[in-house]
Amino acid sequence: MQDKNMNVTENNSQPVQINNGNFDSEVLNAKQPVLVAFLTAWSRACAVISPVLDEIASECVSKLKVVRVNADANLDLSVWYDVQSIPTLLYFVSGNVRAKIIGTASKEAILSKLELTPKES
C-alpha cells in the first residue's frame, strides 16, 4: 500500500491513491464515475484484489476512474462510508454511491455489478 499522502497522477490507467484531503475533488466532484477501493496494506484479500483493480483501471480508462483509499490511514472516510470490512469497493456516479462490493471479486463480477464493459480491443 502506498503512502496516504501520495499525489494523484494524471495517468488514469492505474489506480491512484486518495486521502481525506483530496477525496472531494477526486471522487465527489469527478466528471466521470469513480470506483473507490478501501484497502489496507496488511490484508491478504486486498492483495488479491489489487491486480484486478489494476486491470479494471487500464481496461476502462475512458469510462471509469479507479482510486484507492488506505482505510487505516484515512479513518474519517472509512467511518463516513461505513466501511466495516476490507476490501470494500464503492462506485460513485455524480458524487453519489451507486454500488457497494464487499470482499474480493473477479473483474467480471465487479464490471457486471457496475454495469460496465472493458474497452474493445
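Sequence positions, counted from 1, serve as the residue numbers for this chain.
Between the S25 side chain and the N22 main chain, a donor and an acceptor come within less than 3.5 Å of each other. For K65 (side chain) and E26 (main-chain N/O), a donor-acceptor pair under 3.5 Å exists by modelled atom type.
The shortest heavy-atom contact between A105 and I110 is CB-CG1, 3.8 Å.
The CG atom of L35 lies 10.5 Å from the CZ atom of R68; values are rounded to the nearest 0.5 Å. Between the CG atom of L111 and the CG atom of L64 there is a distance of 8.0 Å, given to the nearest 0.5 Å. To the nearest 0.5 angstrom, I86 atom CD1 is 6.5 Å from D72 atom CG. In this structure, I101 CD1 and L90 CG are separated by 9.5 Å, a value rounded to the nearest 0.5 Å. We find the OG-CD distance between S78 and Q84 to be 11.0 Å, quoted to the nearest 0.5 Å. Between K113 atom NZ and L89 atom CG the span is 10.5 Å, to the nearest 0.5 Å.
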- prompt: Can you check side chain to side chain contact (heavy atoms under 4.5 Å, CB included) on V52 and T104, steps first, answer last?
  reply: CA-CA 9 Å; V52 174; T104 59; over 6 Å; no

* Test W80 against F23 for side chain to side chain contact (heavy atoms under 4.5 Å, CB included), laying out the working first. => CA-CA 12 Å; W80 183 260; F23 189 86; over 6 Å; no

*I18 vs V34, side chain to side chain contact (heavy atoms under 4.5 Å, CB included): CA-CA, chis, key distance, verdict*: CA-CA 11 Å; I18 298 296; V34 182; over 6 Å; no

Chi angles and distances behind the side chain to side chain contact (heavy atoms under 4.5 Å, CB included) call for N70, N19:
CA-CA 7 Å; N70 182 322; N19 58 50; over 6 Å; no

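Two different hydrophobic clusters hold I102 and L114 under the rule that ILVMFWY side chains link at heavy-atom gaps under 4.5 Å. Both L28 and V69 sit in one connected hydrophobic cluster of ILVMFWY residues. Membership requires side-chain heavy atoms under 4.5 Å apart, directly or through other members. Under the 4.5 Å side-chain heavy-atom criterion for ILVMFWY residues, no single connected hydrophobic cluster contains both L75 and W42. In the hydrophobic cluster analysis, where Ile, Leu, Val, Met, Phe, Trp and Tyr join through side-chain heavy atoms closer than 4.5 angstrom, V97 is grouped together with V27.
Ring orientation note: the planes of F38 and Y81 are tilted relative to one another, at an angle of 30° to 60°.
Salt-bridge check for K107 with D54: failed, with every basic side-chain N at 4.0 Å or more from each acidic carboxylate O.
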